[in-house]
Amino acid sequence: MDALRWLIDIFNAYLPVGGGGLLVREVVGNLFGLASALGGMRRKIWAWPVGIIGNVLLLTVFLGGYFSDAATATLLGQAGRQIMFIAVAVYGWRQWHAARAERMQHDDGAVAGHAVTPSWASGPQRLGLAVVLLLGTVALTPVFTALGSYEPVWADAWTFVGSLLATYGMAKGWVEFWLVWVAVDIVGVPLLFSAGYYASAFMYLFYGVFTLIGFFVWWRAEKQEKPRIETRLPDPRLQDSSAASTRSGGGHDR
């Protein structure tokens, strides 16, 4: 019983900051998220399971009204996207495993530590990302409103749909997924500040800068790691032999 009480106390612990406090599991969950983002920028497979741990912790944070006092804002879009993150992370984890196995079969080992080779999405794929982001936000806003999500509800819906698309783009290895994260952060940071989730808001503010760095890192990797076309010079001995044969044949005809 004492052990259970100790776990509950840890679960609900706060770090004193100024006149208020930060929920410990919110801070820890965002630290796992940061570690996952760093791993993603370096194209390491471990980024996916590390991110899942952070998603589980943050899920309990954003369902504030269910896991703590009623005064805590409940962000259904933020909570729902943690569930989405977990589902897409499993997909991405498998995709990167398969991609790394294929690369190690065909690569010379120089970049075998990277799970995927970044690539640009096609024109139709980019258009699809934009359309899904806009229509998904419009469709989910009344749903989140009916469920009692925090205002402005459209911002909650935007971050949910954008996060889904960014995570899917990361699993596919598209360079553009970093820019989708920027669009998510532009809306998500003010929303989190207004809802009182300061640890997450500051972390997302940092992510906004980090995602721009990640974009240029993947952009450079895409240019440097394009599939190489192997060229073989003809064997000069075969050329000499062929030329000699031609000269010999030509003299006989004459």
Side-chain angles (χ1 to χ4, degrees), residues 26 29-30 32-34 36-38 40-41 47-48 51-52 54-55 58-59 61-63 73-92 95 118 120-145 147 149-195 197 199-219:
E26 182 183 0
N30 278 291
F32 273 96
L34 175 59
S36 177
L38 289 170
M41 186 173 69
W48 296 104
I52 289 174
N55 299 146
L58 291 176
L59 174 62
V61 171
F62 292 119
L63 291 176
T74 297
L75 295 178
L76 295 178
Q78 296 288 336
R81 78 179 189 146
Q82 305 307 318
I83 299 175
M84 173 273 298
F85 279 149
I86 295 170
V88 179
V90 173
Y91 168 77
Q95 287 285 104
W120 294 101
S122 66
Q125 288 168 337
R126 293 177 183 175
L127 178 61
L129 290 174
V131 170
V132 172
L133 178 57
L134 293 175
L135 294 184
T137 300
V138 172
L140 287 180
T141 296
V143 176
F144 287 172
T145 300
L147 293 174
S149 191
Y150 189 78
E151 294 285 352
V153 181
W154 73 265
D156 206 13
W158 173 278
T159 58
F160 177 86
V161 178
S163 298
L164 170 63
L165 295 175
T167 308
Y168 176 76
M170 177 179 171
K172 301 293 287 185
W174 293 338
V175 178
E176 290 91 343
F177 94 87
W178 292 104
L179 298 181
V180 179
W181 274 128
V182 173
V184 170
D185 293 336
I186 289 174
V187 174
V189 169
L191 174 66
L192 291 168
F193 270 119
S194 66
Y197 291 110
S200 295
F202 278 113
M203 189 62 68
Y204 273 59
L205 189 61
F206 174 78
Y207 282 162
V209 178
F210 180 84
T211 51
L212 289 176
I213 297 173
F215 170 74
F216 288 109
V217 169
W218 273 46
W219 186 2

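Among all heavy-atom pairs drawn from Met41 and Ile213, the shortest one is SD-CG2, 4.2 Å. Across all their heavy atoms, Gly40 and Ala47 have their closest contact at N-CB, 3.4 Å. Closest heavy-atom contact between Gly92 and Ala171: CA-CB, 3.6 Å. Of all the heavy atoms in Leu164 and Val88, the pair that sits closest is CD1-CG2, 3.8 Å. Closest approach of Gly208 and Thr211 over heavy atoms only: O-OG1, 2.9 Å. Taking each heavy atom of Leu192 and Ala201 in turn, the nearest pair found is CB-CB, 3.7 Å.
Atoms CD1 and CG, on Ile83 and Leu59 in that order, are 5.0 Å from each other to the nearest 0.5 Å. Thr137 contributes atom OG1, which lies 5.5 Å from atom CH2 of Trp158 (distance to the nearest 0.5 angstrom). Taken to the nearest 0.5 Å, the CG atom of Leu191 stands 14.0 Å off from the CD1 atom of Ile186. In this structure, OG1 on Thr159 lies 10.0 Å from CG on Asp185, to the nearest 0.5 angstrom. Rounding to the nearest 0.5 angstrom, the gap separating the CG atom in Leu140 from the CG atom in Leu135 is 11.0 Å. Taking CH2 of Trp48 as the start and CD of Gln95 as the end, the distance is 9.0 Å to the nearest 0.5 Å.
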Subject >> Derivation and outcome, side chain to side chain contact (heavy atoms under 4.5 Å, CB included), residues Trp174 and Leu129 >> reply: CA-CA 11 Å; Trp174 293 338; Leu129 290 174; 4.3 Å; yes

**OP:** Starting from the C-alpha separation in whole Å, work towards a yes-or-no answer on side chain to side chain contact (heavy atoms under 4.5 Å, CB included) for Val184 and Tyr207.
**Re:** CA-CA 10 Å; Val184 170; Tyr207 282 162; over 6 Å; no

**OP:** Applying side chain to side chain contact (heavy atoms under 4.5 Å, CB included), run through Val187 and Trp154 and close with a yes or a no.
**Re:** CA-CA 10 Å; Val187 174; Trp154 73 265; 4.0 Å; yes

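The 12-atom threshold is exceeded at CZ of Phe193, counting heavy atoms of other residues, nucleotides or ligands nearer than 6.0 Å.
Between the Tyr168 side chain and the Phe177 main chain, no donor and acceptor come within less than 3.5 Å of each other. Between the Glu176 side chain and the Arg126 main chain, no donor and acceptor come within less than 3.5 Å of each other.
Ring-plane geometry between Trp181 and Phe85 is classed as tilted, the angle between the planes lying from 30 to 60 degrees on a 0 to 90 degree scale.
Using a 4.5 Å heavy-atom cutoff, the side chains of Trp178 and Val217 are not in contact.
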